[in-house]
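To keep things clear, I will list the structure first and then write my remarks on it.
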Protein chains: 2
Amino acid sequence: MATKVNIRDVAKAAGVSVTTVSHALSEAHSSRVNARTVEHIKAVAGDLGYAPNRLASGLRNQRSQILGLVSDEITTTPFAGAMIQGAQDAASEHGHLLMVVNSGLDNELELQEIRALQQHQVDGIIFARMFNQQVSVPEELRAVPTIVLDATPDNPGLSSVVPDEFGAGDSAAELLVTAGHRNIAMINNEDDIPAAHGRLAGFRAGLDRHGLHLPAEFLVAGHPSTTGGREAALELLSRKERPTALFCFNDQMAMGAYQAAGHLGLRVPEDVSVVGVDNLELIADGLWPGLSTMALPHYEMGRWAVLKLLNELENPEAPRLHEKIPCPLVERESVAPPKG
Amino acid sequence: MATKVNIRDVAKAAGVSVTTVSHALSEAHSSRVNARTVEHIKAVAGDLGYAPNRLASGLRNQRSQILGLVSDEITTTPFAGAMIQGAQDAASEHGHLLMVVNSGLDNELELQEIRALQQHQVDGIIFARMFNQQVSVPEELRAVPTIVLDATPDNPGLSSVVPDEFGAGDSAAELLVTAGHRNIAMINNEDDIPAAHGRLAGFRAGLDRHGLHLPAEFLVAGHPSTTGGREAALELLSRKERPTALFCFNDQMAMGAYQAAGHLGLRVPEDVSVVGVDNLELIADGLWPGLSTMALPHYEMGRWAVLKLLNELENPEAPRLHEKIPCPLVERESVAPPKG
DNA sequence: AGCAACATACAAAACGTTTTGCAAAGGAAC
DNA sequence: GTTCCTTTGCAAAACGTTTTGTATGTTGCT
């Protein structure tokens, strides 16, 4: 047990050649060897605890069965886990393993990490960001099949997957309008990113469908944090003509809105309804009452990226896709009909 | 550019043998080749964009330069990112890459994943849990150097690293007592895990040092969630003789305490001080006022685990260690002297 | 001049697979 | 009984490195 058992040991123990063992175990080539022999070899291999060395087979086949995942800030966002998990599940189902590297915001380091992945002969790379943004993909990745995850690539030659931001905004509008609200404000992210534009556009479209629209004074923007949300909500809810519902760019801003409401003596959802985006369990489930919010599909995006990557590996000519994954509504208790 | 450049191409281009190229590039063996030749070879290699194939060198050296990280539920906890990041940073600094696998709670799957890692000839494995718990390490890992991360192994033959739970409790007591509090309650986790025992013991020790002690009626336990914290805090703060400060098992329970206080018309920190454990940015920074809390050292634990693993790889006889990493206090605004 | 010692470069083997091409043996068809 | 398949197995080459042992000069010393 001290030393590892290799294909030669199996061959010796089974009394056949190395070639025969390889064929017997290969599924595709097992027709080249007698069925009884196959049985025998498999039994022997099992007894010996033989497991093929992937380094060797990767070298021989020019296929490492490893996928690289390079992302930006795994640390600071709670989404990373779900994304990685989705990717890893899909990879594992198809006999692949995931190598994760993370570069923070250091571009030079990111290139180094990518080169390291390539030295390990990864079969493909997933280039991930932690929130939907425009991104320019490093030259280095030309050499390897690549999928862009949760970001919009400048290079349309690469497949990508992002959340359906528009749909999220639309659903939020739908939810609030059907609850009976007419005076709805949006607290948006002040940053110039697809997520902000998309959610706003979707929200407007949703209102539109019901013959409503978002007045300019009911659209405010702030830093996408609890504080940003709180300040914006404080301002909105202190007005004479205050909205009866708030659609917040994300759950953190929604948490700020709760705080603002509490500070002003308003209750959620009786006095003001609140909707977020992200479905951060920690917040959405932790708030009291629970926050209704649109879930960002990080797990699904991770899965999709890996599946698409494997697909392009099989079939290099497969058309590049730009997928939008829906953001399902997770209803809790933060929405109620407006009073009176 | 279509096809990869290998050491043979470099040799040809530089007009020397493959052996010489290998020696020239090897640092350890570069003494075996003329300094001028080394220069020349490096230049040629750089021009050609040569990067050694790690599959091949791993095969030859019996050293893949890959570390495996197997964890339980990456998805549901926001700590995973920091842990992975710490591990990956340390690995990357030493020329290694990290393969991450995740098994949820499925033991059978976990074994499969471990076997997959071993097939890829990982040099060592980090067996991680997402919170400090007793854990029995799978037999399979006997074959590979292993470090246990954020868990206490039943097998003392393996090095491990956990947060200094005791120290966290102690610091919390210190903080509250020096702020002037005398009536301090603790809201603990009801689960029977080292984290709960350690934090409580440390908290008691800290009080002790100041001649105080924790009365039985000021120790309550609940589910380690916002709801659990809220319920416990509601009960505690509704009493005639209510505590002036709360030490909560984690930040989520502390968030619940904030909600309870708000519900009862009490203000943090004027009417009640609150201290948590975890330093979950999302919560600790998001709460209003900010939550003072002991940071769980996930990043550092990840780093430590990899460094120790590399150390044991270098020197297999190195003594096994059981490390406790301190949990530094992160002060925000949730602690003030008691009124009156 | 002769010999050791050294500097420099190379050929070949090995790591553990997979796959191609070939050989031996057995059976069927004439 | 010869020819021709078919079945079953094997030997050998290849993937891209690293390292050991050896060969060829070159230098320094007596």
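Below, chain A is the first sequence line, B the second, and so on; all start at residue 1.
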Quick one: is [N] close enough that its OP1 or OP2 comes under 4.0 Å of any side-chain N or O from [X]?
X      : N       : result
N6(A)  : dG16(C) : yes
S57(A) : dT17(C) : no
Q62(B) : dT18(D) : no

| said: Does the Lys NZ or Arg CZ of R129(A) fall within the cation-pi geometry relative to F127(A) - under 6.0 Å from the ring centre and within 45° of the axis? | reply: yes
| said: Under a 3.5 Å cutoff, is there a donor and acceptor pairing between the side chains of E73(A) and Q85(B)? | reply: no
In this structure, how many angstroms lie between the [atom2] atom of [N] and the [atom1] atom of [X], rounded?
X       : N       : atom1 : atom2 : answer
L59(B)  : dA13(C) : CG    : C1'   : 13 Å
I7(B)   : dT19(D) : CD1   : P     : 11 Å
Q121(A) : dC15(D) : CD    : C1'   : 10 Å
E27(A)  : dT17(C) : CD    : C1'   : 18 Å
R60(B)  : dA12(C) : CZ    : P     : 16 Å
D123(B) : dC15(C) : CG    : C1'   : 15 Å
Q65(A)  : dT17(C) : CD    : C1'   : 13 Å
N53(A)  : dT18(C) : CG    : C1'   : 13 Å

| Going by heavy atoms in the side chains, are I325(A) and V162(A) under 4.5 Å from each other? |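 Side-chain contact under 4.5 Å: no.
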| request: Report yes if some heavy atom in the side chain of D89(A) is under 4.5 Å from a heavy atom in the side chain of R303(A); otherwise report no. | output: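 The answer is yes; the side chains approach within 4.5 Å.
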| message | If you compare all heavy atoms of P145(A) against all heavy atoms of D123(A), which two are closest, and at what distance to 0.1 Å? | response | CD-O, 3.7 Å
Picking from [options], which would you name as closest to the side chain of [X]?
X      : options                   : answer
V18(B) : dC10(C), dT19(C), dT18(D) : dT18(D)
T20(B) : dA9(C), dC10(D), dT17(C)  : dA9(C)
T19(A) : dT17(D), dG16(C), dA12(D) : dA12(D)

Hey, what do you get for [atom1] ([X]) to [atom2] ([Y]), rounding to the nearest 0.5 Å?
X      : Y       : atom1 : atom2 : value
L69(A) : L309(A) : CG    : CG    : 10.5 Å
I66(A) : R54(A)  : CD1   : CZ    : 9.0 Å
M83(B) : M130(B) : CE    : CE    : 4.0 Å

| field | Whichever of S26(A) and R8(A) has its nearest DNA chain C nucleotide further upstream toward 5' | value |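 Result of the comparison: R8(A).
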| field | Closest-nucleotide 5' rank along DNA chain C - winner of N61(B) and S17(B) | value | S17(B)
| task | Look at all strands and tell whether V16(B) reaches a base, only sugar-phosphate, or nothing, counting heavy atoms closer than 4.0 Å. | result |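 Contact class for V16(B): sugar-phosphate only.
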| message | Just to be sure I understand the rule, does H23(A) reach a base, reach only the sugar-phosphate, or reach nothing, if contact means heavy atoms closer than 4.0 Å? | response |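 Base contact.
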| field | Under 3.5 Å: donor-acceptor pair, side chain of T20(A), backbone of V18(A) | value |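 Pair absent, no side-chain N/O of T20(A) close to backbone of V18(A).
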| request: Apply side-chain contact (heavy atoms from CB on, under 4.5 Å) to the pair I114(A) and E140(A), showing each step before the final yes or no. | output: CA-CA 8 Å; I114(A) 290 175; E140(A) 267 71 6; 4.1 Å; yes
Quick test of your reading of the model: are [X] and [Y] salt-bridged, counting only N-O distances below 4.0 Å?
X       : Y       : value
E139(B) : R142(B) : yes
K308(B) : E323(B) : no
R115(A) : E110(A) : no

List, with names and distances, any nitrogen or oxygen atoms from the protein found under 3.5 Å away from nitrogen or oxygen atoms belonging to nucleotides 4-6 of chain D.
none

So which protein N/O to nucleotides 4-8 of chain C N/O distances come out below 3.5 Å?
{"from": "dT8(C)", "atom 1": "OP1", "to": "N34(B)", "atom 2": "ND2", "distance (Å)": "3.2"}

| task | For the helix from dA1(C)-dT30(D) to dC30(C)-dG1(D), figure out the bend between the end axes, five pairs an end, and round to 10 degrees. | result |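 Taking five pairs per end, the axes differ by 60°.
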